[in-house]
Amino acid sequence: MWRHAARRSSAQIRRSGVMSSSSSPAAPAAAAGAAVPGPCIVHKRGTDILHDPWFNKDTAFPMTERDRLGLRGLLPPRVMSFEQQYDRFINSFRSLEHNTRGEPDTIVALAKWRILNRLHDRNETLYYRVLIDNIKDFAPIIYTPTVGLVCENYSGLFRRPRGMYFSAKDKGEMMSMIYNWPAEKVDMIVVTDGSRILGLGDLGVQGIGIPIGKLDVYVAAAGINPQKVLPIMLDVGTNNTKLLEDKLYLGLRQPRLEGEEYLSVVDEFMEAVHARWPKAVVQFEDFQMKWAFETLQRYRNRFCMFNDDVQGTAGVALAGLLGAVRAQGRPLSDFTKQKIVVVGAGSAGIGVLNMAKQAMLRMPGINRSGEGHNQFWVLDKDGLITKSRKGLDPAVARYARGFGPEEVQDLHEGASLVEVVRKLKPHVLLGLSGVGGIFNEEVLKAMKESDSPRPAIFAMSNPTTKAECTPEDVFKYVGDNAVFASGSPFSNVTLGNGRQGYANQANNMYLFPGIGLGALLSGARHITDGMLQSAAECIRHITARVGAAVVRAAVDEDLAEGRCDVDARDLKSMTEADTVDFVARKMWYPIYSPLVNDK
């Protein structure tokens, strides 16, 4: 998905087009030909500038700026170019890789995260340029799988705050607290309550690493200005005993709020955000299932928000499911004939089922009510879910297997995964269980007998340790004709005779930047399933195309109100190509701007 060439040379960096900016030291990308960024007014001098990562250029301040801003004597005398700084950091990173060879993977991953984090703390312009140009290498460090390791150790790794923290103790104060954030404008917010971080469970306040990592991907992939993003932690306590007993733990030392107490905190937070930044897109991330669905239904028609686990993961999975049909050489209309086993009935699993069901109902020849057609077999920790199970969540109950003639004989309530795969011979096995290795040798050998000529296995749980299986095991036990995709990155597998088994990555980081960017630029009042399905259909294209698909869907659903210098009528008059161009031109790009002091 990342259409990334090797790092550009210094000459190529110099040729990068930028447009003038009066509000940030790194101007956004524009058409080729605009070469000089406009000046940026700063209200600081001397060490205050050097300690501000947004304005700091380190040794790249020219002598004229050093005199103008009171920096002469506060930096080494040599003036380095941006390109020299860039190469210096890359050389340091490669040296770290060399020096940590043979060390345990966790130590290497955290060492790489630290060196990037130090740059982020010091010089954001250089950090984001390094990230954009090397996203294939650095995405696994700032995002999954390393972000999971960072969250598990966040209290020990903490050095300086990033983002905002709203806690249960702040009830009644959030409307004033929101104005403590220094940026006048915020376009994109990612918020978590830390209750279900990846497949790692309740990590409390340490889950802040997820919004930080997600927003770094927004900047790199969607070109959203980093001065206009905000990671937020809603700390309502934790039920993780280990954290509550940890002397270094930085969050509230109390059990999680539940029921109306919990919702009242989230309500107050959303009202505060909307009061200050009514056009901001709010992405809910890693909320446990009951609150993921509850908050989505509660806010989706009132605010411009979406839940990435329920809707973002679903969009990626839908693209994968449709791709699996294509891989079989069958028309997309045959999607309704696929037998799909889903392992995991949490927010992500049910979100996938909901979106896949909606896509299925749009296929020709299907009863629009969806009654009498259930192509999904869902399993949780207790096995196959059927209508005989007591106390089913309503969101899960609609996918429970019944007792009609269309059912596979001898597949009973609680049937094991291997039983289901052997008797059903499914086309697709999709894992969102958070249980590493659950697709074991026995299960994968059973998938080899699939009714599909190209069985598809999606191990979508994160981080890598929670992946349901590895690509090596899939190609070993299912065969060379298998289709594999995972939530975390794996290397391709050598199959012999010069062939490779592709370890495709099915992660929602390929979707959510485009969703957020498209909703932002269209000025959509709220985000609908139609917009998300449009994004999923463009998943193989760059973020600009995903964003353009969301813009077009917002226009089609009459939700677009326009943004920046473009109103709703302008959006409606754009062709598809015009929309892609519009989105691409609005994407921020990091480059130093001249700084001018107003004092």
Side-chain angles (χ1 to χ4, degrees), residues 199 316-330 334-345 348-349 352-353 356 374-385 399 401 407-412 414-461 464 466-488 490-496 499-506:
V316 173
L318 175 59
L321 292 172
L322 296 175
V325 178
R326 294 191 187 99
Q328 297 167 24
R330 300 166 70 174
D334 276 5
F335 177 57
T336 60
K337 301 173 184 176
Q338 298 280 293
K339 292 179 291 186
I340 301 168
V341 172
V342 177
V343 183
V352 168
L353 290 165
N374 186 0
Q375 66 193 103
F376 308 105
W377 284 256
V378 186
L379 294 89
D380 64 5
K381 61 183 178 60
D382 297 317
L384 180 66
I385 298 173
Y399 299 106
R401 301 306 304 187
E407 297 297 333
V408 177
Q409 286 188 348
D410 300 326
L411 276 186
H412 52 85
S416 69
L417 176 57
V418 71
E419 281 184 273
V420 173
V421 173
R422 279 176 178 164
K423 292 175 181 176
L424 183 64
K425 303 184 189 304
H427 298 83
V428 178
L429 177 59
L430 192 152
L432 284 161
S433 65
V435 181
I438 194 172
F439 296 171
N440 57 28
E441 178 180 346
E442 193 176 14
V443 170
L444 293 175
K445 283 182 175 178
M447 270 301 289
K448 189 173 185 177
E449 306 305 318
S450 165
D451 286 339
S452 168
R454 300 202 65 191
I457 296 90
F458 297 159
M460 296 183 68
S461 291
T464 309
K466 301 295 182 179
E468 285 77 8
C469 63
T470 65
E472 289 86 356
D473 285 345
V474 167
F475 294 113
K476 178 179 179 180
Y477 298 124
V478 182
D480 297 359
N481 59 330
V483 175
F484 174 83
S486 59
S488 288
F490 284 94
S491 299
N492 292 335
V493 178
T494 300
L495 302 177
R499 293 179 303 145
Q500 279 198 324
Y502 291 99
N504 304 291
Q505 194 175 354

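Here, residue 1 is the first one in the sequence, and each next residue gets the next number.
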If I take atom CG from residue Asn481 and atom OG from residue Ser450, how far apart are they, to the nearest 0.5 angstrom? 9.0 Å
For Gln505 and Gly487, indicate whether the former's side chain and the latter's backbone hold a donor-acceptor pair under 3.5 Å. yes
Specify the closest pair of heavy atoms between Ser491 and Pro471, including all atoms of both residues, with the distance to one decimal. O-CG, 3.9 Å
After noting the C-alpha distance and the side-chain angles of Val343 and Val435, does the key distance pass the side-chain contact (heavy atoms from CB on, under 4.5 Å) rule? CA-CA 10 Å; Val343 183; Val435 181; over 6 Å; no
Distance-minimising heavy-atom pair for Lys445 and Tyr477: CE-CD2, 3.7 Å
Glu449: partners by side-chain hydrogen bond (donor to acceptor under 3.5 Å, both in side chains), with sequence neighbours left out: none
Check whether any side-chain heavy atom of Leu429 sits under 4.5 Å from a side-chain heavy atom of Leu417, and report yes or no. yes
Treating Gln375 as the side-chain partner and Gln338 as the backbone partner, does any N or O pair qualify as donor plus acceptor under 3.5 Å? yes
Would you compute the distance between atom OG1 of Thr494 and atom CD of Glu472 and round it to the nearest 0.5 angstrom? 9.5 Å
Is there a side-chain contact between Ile340 and Phe335 (heavy atoms, below 4.5 Å)? yes
Close side-chain approach of Val474 to Val493, heavy-atom, < 4.5 Å: no
What is the minimum heavy-atom distance between Val378 and Gly344, and which atoms define it? CG1-O, 4.5 Å
For Glu468, is there any backbone N or O sitting under 3.5 Å from a side-chain donor or acceptor partner on Ser461? no
Counting only N and O atoms by type, is there a donor-acceptor contact under 3.5 Å from the side chain of Lys423 to the main-chain atoms of Val408? no
Trace of the side-chain contact (heavy atoms from CB on, under 4.5 Å) decision for Met460 with Leu430: CA-CA 7 Å; Met460 296 183 68; Leu430 192 152; 4.2 Å; yes
Under 4.5 Å between any side-chain heavy atoms of Asn374 and Arg401, yes or no? yes
What I'd like to find out is whether the side chain of Lys337 reaches to under 4.5 Å of the side chain of His427, using heavy atoms alone. no
Can you name the nearest heavy-atom pair linking Phe439 to Leu444, along with the distance? O-CD1, 3.6 Å
Which value, rounded to the nearest 0.5 Å, describes the distance between Leu379 atom CG and Glu419 atom CD? 10.0 Å
Those residues at least two apart in sequence (or on a different chain) that pass side-chain hydrogen bond (donor to acceptor under 3.5 Å, both in side chains) with Asp480 are Arg499
Output all residues satisfying side chain to side chain contact (heavy atoms under 4.5 Å, CB included) with Arg454, sequence neighbours left out; order by chain, then residue number. Ala327, Ser452, Val483
Looking only at heavy atoms, which two atoms of Val420 and Leu411 are closest? And how far apart? CA-CD2, 3.8 Å
Neighbour count above 12 (heavy atom, 6.0 Å) for Lys476 NZ: no
What I'd like to find out is whether the side chain of Val342 reaches to under 4.5 Å of the side chain of Tyr399, using heavy atoms alone. no
Considering non-hydrogen atoms only, spot the tightest contact between Phe490 and Cys469 and give its length. CZ-O, 4.1 Å
Side-chain touch Pro426/Met447, heavy atoms, less than 4.5 angstrom: yes
Quick one: does Asn504's side chain have a donor or acceptor within less than 3.5 Å of a partner on Phe484's backbone? yes
